Amino acid sequence: MGKVLKAVLVLGTLCCLSLAQQTKLQAIECPFPEGQDVVSEAECGKYTLCEWTDGRCHEVDNQQGGYIVQGPPEATARGFKVNLAKADSSVTMFGDDIQNLVFEVIYHENYHLQVKIYDADNARYEVPVPLNLPETPGADQGYTVGVSEEGAPFHFNVTRNSNGITLFRSMGPLTFENQFIEIHTWLASTYLYGFGENTHLSFRHVFEPRNTWPIFARDQVVGTEQMNEYGQHPYYMVMEDDLGTSHSVLLYNSNAMEYSTYLLDDGTPALTLRTIGGILDFHFFLGPYPEDLNQQYTSMVGYPVFPTYWSLGFQLSRWGYNSTDKVREVRERMKAMSIPQDVQTFDIDYMERCRDFTYDPVNWNDMPDLVQELHNDNVKVITILDPALVIDFETYEPSIRGRDADAFIKWADPSLVPDDQEPGTGEYIVGFVWPDTKTIFPDFLKPETQDWWINEIKLFHDVIDYDALWIDMNEPSNFGTDLDRPFNYPPGLPDWSLKCPNTTLDSPPYPTKTTRVSDNESKRISDHTICMTTNQTDGTTVYSHYDVHSLYGWSETIATYRGLQEVFPGKRPLLLSRSTFPGSGQYAVHWLGDNTADWTHMYMSIIGMFDFNMFGLPMVGADVCGFFDEPDMEMCARWMELGSFYPFSRNHNTNGMADQDPGMWPEVAEISRYTLNIRYQYLPYLYTLFHRAHMHGSSVVRPLLNVFPSDLTARDVDDQFMWGDGLMIAPVITQGAVTRDVYFPEGKWYDLLSGVLAATGPTTLTVDAPLEVIPLYVKEGKILPYQQPAINTVESRQNPFGLSIALDASLNATGEIFWDDGDGEHVMSESYMNHFSYSQGLLTSQIMHGEAAVAGLYMDTIEIYGHPSAPTSITVNGEDQPSSSWTYNDATLVLSLSIHVPLSDTLTVQIV
């Protein structure tokens, strides 16, 4: 206890040296519920927190508008607390300010710090999603927290001990009202990344002009304006210096929020964070580099799920097959073109009247037979489920059983039940989505609901022999909320829609920018979803949907994952979810939602991949060739090239559009076959990357800045990406282009397929990229395992292995292979792990364990890029090899060697 107290006293002294007081920070604008378009001196005068100066409405200084430190820091078992009191209760934005707060610092690992600000007198909502936190703090924290001294206006900062850089420095007034919480901070640099799920047109955030993005789970089609989408991930990273030293911050809050990036009057980058409920709960991670941050963050929220091997194969889907015959037609087209495919996914058109756990008895009457045919072709089947169930309590068994389990979300008070509520629905909130009947919404936080849902999943598998599930519309989505009628409401019926009451929950004083995005028709927070004035429960605590709305997808994910565990005991479940939250990656993979066949959307998908690798969901991809609208041949070809290197590779489009499966155009079919074969060839490398992610939290797809953090140019390159730190992909995402500029960071870069030295960086080169080419490069010093490709992973997994060895300037390289049965429970001791090392003519392997997992598999080929000369002799495991077993190209410096060694044997290759 004495050591902690000593640290607190030092911090109290540091604060006065490091936190300069500014009487006015005019760049801190006052937020208006209607947005900044209404700014005027008269409007500004409505709020006592605001002041009009030189044509700007800004917040008053901290001494007037913030909080005052009350007393010295109080030591705790693993940190300290400071009491705060509102400086002036008459200075407010929307009223109902919390008068007394606690600022609490909690030490975790040496790289991890938690800072909480909460009501001193009353308990408030806190996110109930569990985190992995250490039982005791680290002994040598890498951070120092400074806080204002007693009697001073409250500020705090977090400083990195190793270099003295300030990571977070609050500025201006802290605002903490019942439904409006706001804090501002200086940033160490403008190299800011992350935040989601929302649309931004560059991976690195912009500060000029000022920008504001909303965060709140919403059924929002992908657009190009600043809009919130399906999940909530208030997590960001900042690079602090030219060495690439980086930190990240999670604001652990599930209420609707927004953030603003802007420059102060002196050019300092700044960030404002706003949320309309809960508390401020920050987790700081110190890295010091981006990949360190990925591992530190996911160690807290949960390491990513390990996807099945077959799920890494190409997946095909659409809403609009409309019959089993159409699926067979498309499947035959894929086979005729020899295009690899591992998964066939079914959207809602397979259902009877869009009802979960059913299939259409007319157009899909032989669906069980179709599923068996696909299985006979070694193609797995994924079926979609939506959370909303119909209110047919007479004949629809899932809803009857759900009512018996009391599984559905209810109004917060019986008095809120609408007068036109359907008979038999009691206090349940009733809406309308895809079925032609009104719907109710499961409360997946509730244990009884989870048990009911698991049982329905098991019963459905008895009907349809699916291999995995896809959960959609789980923000949750509801159509036509607060409008005259949903867009798809049955014609001929009187106008009706779900109407939300005029309460402080459904009409909060500051509803955030989510109400101002273009697709928000009602301009309410409940637009396109259910009302906030409803309740959910985990069996112990009752929560307002206002607080837990963005947890809906997370809670459905856990229930569905548990159901799949029971359906497939001993197997790794594969679950695809649209709405996610920190921690979802432990259970689900993700796609980037309803995009459009548009070149800009193709480009944005790369940024989305970067974001979700940061968020701990590395198995991610976009709908290849676009969900809405119809791509032309060139766009679909280029998108298939890019999509061949998404971690989650799926072509998917919507109802009413023309087919866009890759077999539709001869040119696209040929290109898709070519690029997907490259994907399948290097799936052992991708699978090994996912193993690393599952075990250590590392990212799978990486922006160049993650691999080369000290490379300033790499920090702004967001149209190239890497698998791990070895394979770089530079897709063409510009219409009509036959070349593209490729940035090569420091070191040697070899063409992946030819082995030719392409560049020695850092440099930017214009490379040829005709329609049939996607530029691919392997980084020096890397060994990439591969396997001969096939039409699906069942066949490719039986094929011989090989190694692509890219030598650095010292003629060294390293790599590894992870292998198991592809879909069983992850047991490390039974899995195959082999580390390879090449050094100046000697290739060795070190098998850690799991030889039985690779029985019958062989290493047959080795290709060495950058080999300086033709060999005079080669031995493999001590045996001389005939010269006919190798070839050497003097022009390309590529040495190719044919061998035949069981993968279960250690390997030693000596090249002289």
Side-chain angles (χ1 to χ4, degrees), residues 307-318 327-346 371 373-382 467-468 574 576 589 591 619 621-625 636-653 659-690 723 727 729 731 752-753 771-774 776 784-802 804 819 822-823 857:
T308 57
Y309 198 94
W310 56 261
S311 69
L312 301 183
F314 180 62
Q315 305 191 20
L316 191 58
S317 175
R318 75 159 301 166
V327 177
R328 290 186 177 96
E329 173 190 326
V330 174
R331 177 67 192 139
E332 289 304 312
R333 192 156 59 219
M334 293 287 287
K335 292 165 66 175
M337 298 291 187
S338 298
I339 301 171
Q341 181 184 355
D342 264 89
V343 178
Q344 180 64 58
T345 298
F346 296 104
V371 171
E373 293 167 23
L374 292 167
H375 284 165
N376 292 342
D377 258 0
N378 292 322
V379 174
K380 301 290 187 180
V381 169
I382 298 178
D467 300 285
L574 192 282
L576 177 64
V589 305
W591 92 106
M619 179 67 164
D623 283 348
V624 175
C625 298
C636 200
R638 288 300 194 188
W639 212 326
M640 281 298 301
E641 290 175 350
L642 169 59
S644 293
F645 296 92
Y646 288 156
F648 175 75
S649 181
R650 184 184 73 168
N651 182 305
H652 179 56
N653 68 320
D659 290 344
Q660 65 180 38
D661 56 275
M664 279 300 297
W665 298 269
E667 302 93 332
V668 177
E670 182 176 353
I671 289 168
S672 299
R673 180 172 59 251
Y674 173 69
T675 57
L676 285 172
N677 270 315
I678 300 172
R679 175 190 181 88
Y680 276 64
Q681 180 176 348
Y682 285 95
L683 280 186
Y685 176 56
L686 182 62
Y687 193 60
T688 300
L689 293 176
F690 271 109
W723 279 8
L727 175 59
I729 297 98
L752 174 68
L753 302 181
L771 183 61
E772 68 275 10
V773 171
I774 178 171
L776 304 168
L784 306 187
Y786 65 81
Q787 201 171 21
Q788 292 301 315
I791 200 69
N792 55 61
T793 58
V794 172
E795 296 183 22
S796 70
R797 281 176 57 86
Q798 310 306 314
N799 287 344
F801 276 76
S804 296
W819 200 253
D823 64 357
L857 296 175

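Not measured: the values here are computed from a predicted model.
- Contact between Gly643 and Ser649 at its shortest, heavy atoms only, is O-OG, 2.7 Å.
- Within the model, atoms CG of Leu312 and CG of Leu686 stand 5.0 Å from one another, a figure rounded to the nearest 0.5 Å.
- Scanning for salt bridge (charged side-chain N to carboxylate O under 4.0 Å, His left out) contacts around Arg650 gives Asp623, with sequence neighbours left out.
- Under the 4.0 Å criterion applied to side-chain N and carboxylate O atoms, Glu332 and Arg328 are not assigned as salt-bridge partners.
- Of the inter-residue distances, the one linking Leu776 atom CG with Phe645 atom CZ reads 4.5 Å to the nearest 0.5 angstrom.
- Side-chain contact between Met640 and Leu676 is present, with at least one heavy-atom pair separated by less than 4.5 Å.
- Taking CG of Asn378 as the reference point, atom CG of Asn792 lies at 4.5 Å (rounded to 0.5 Å).
- Among all heavy-atom pairs drawn from Asn677 and Ala790, the shortest one is OD1-O, 4.3 Å.
- Once rounded to the nearest 0.5 Å, the distance linking CH2 of Trp591 with OG of Ser317 reads 9.5 Å.
- Shown here for Cys625 and Asn651, the closest heavy-atom pair between the two residues is SG-ND2, 3.6 Å.
- Side-chain contact between Lys335 and Gln341 is absent, with no heavy atoms from C-beta onward closer than 4.5 Å.
- Side-chain contact between Leu316 and Met334 is present, with heavy atoms from C-beta onward closer than 4.5 Å.
- Across all their heavy atoms, Leu374 and Arg331 have their closest contact at CD2-CD, 4.1 Å.
- A donor and an acceptor atom, one from each side chain of Arg318 and Gln660, are nowhere located under 3.5 Å apart.
- Here the side chains of Ser644 and Tyr674 are not in contact, with every heavy-atom distance at 4.5 Å or above.
- Side-chain contact between Arg638 and Ile671: absent, with no pair of heavy atoms (C-beta onward) separated by less than 4.5 Å.
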For this session: Please lay out, stage by stage, how Ser672 and Met337 fare under the test side-chain contact (heavy atoms from CB on, under 4.5 Å).
Result: CA-CA 10 Å; Ser672 299; Met337 298 291 187; over 6 Å; no
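- Under the side chain to side chain contact (heavy atoms under 4.5 Å, CB included) rule, Gln315 has a single partner from Val624, Val379, Thr345, which is Thr345.
- Between Tyr680 and Glu795, the closest side-chain pair of non-hydrogen atoms is not below 4.5 Å.
- Proximity of the aromatic rings of Tyr646 and Trp639 is defined here by a centroid distance below 6.0 angstrom, and this criterion is not met.
- Remark: Arg679 is not positioned above the aromatic ring of Trp723, lacking an NZ or CZ atom under 6.0 angstrom from the ring centre and at most 45 degrees off the axis.
- Two residues are said to be in side-chain contact when any heavy atoms from C-beta on lie closer than 4.5 Å; Gln787 and Pro684 meet this criterion.
- In Glu670, the CD atom is not crowded: 12 or fewer heavy atoms of neighbouring residues, nucleotides or ligands sit closer than 6.0 Å.
- Closest approach of Gln344 to Phe346, counting heavy atoms only: CG-CZ, 3.9 Å.
- In summary, the side chains of Tyr309 and Asp342 do not present any donor paired with an acceptor at a separation below 3.5 Å, with no hydrogens or angles considered.
- The nearest pair of heavy atoms linking Ile729 to Leu727 is CD1-O, 3.8 Å.
- Counting heavy atoms from C-beta on, the side chains of Leu784 and Leu752 come closer than 4.5 Å.
- No hydrogens or angles considered: a donor-acceptor pair under 3.5 Å links the side chains of Tyr682 and Ser804.
- To the nearest 0.5 Å, atom CG of residue Leu753 and atom CD1 of residue Ile678 are 4.5 Å apart.
- Within the model, atoms CG of Asp467 and CH2 of Trp310 stand 5.5 Å from one another, a figure rounded to the nearest 0.5 Å.
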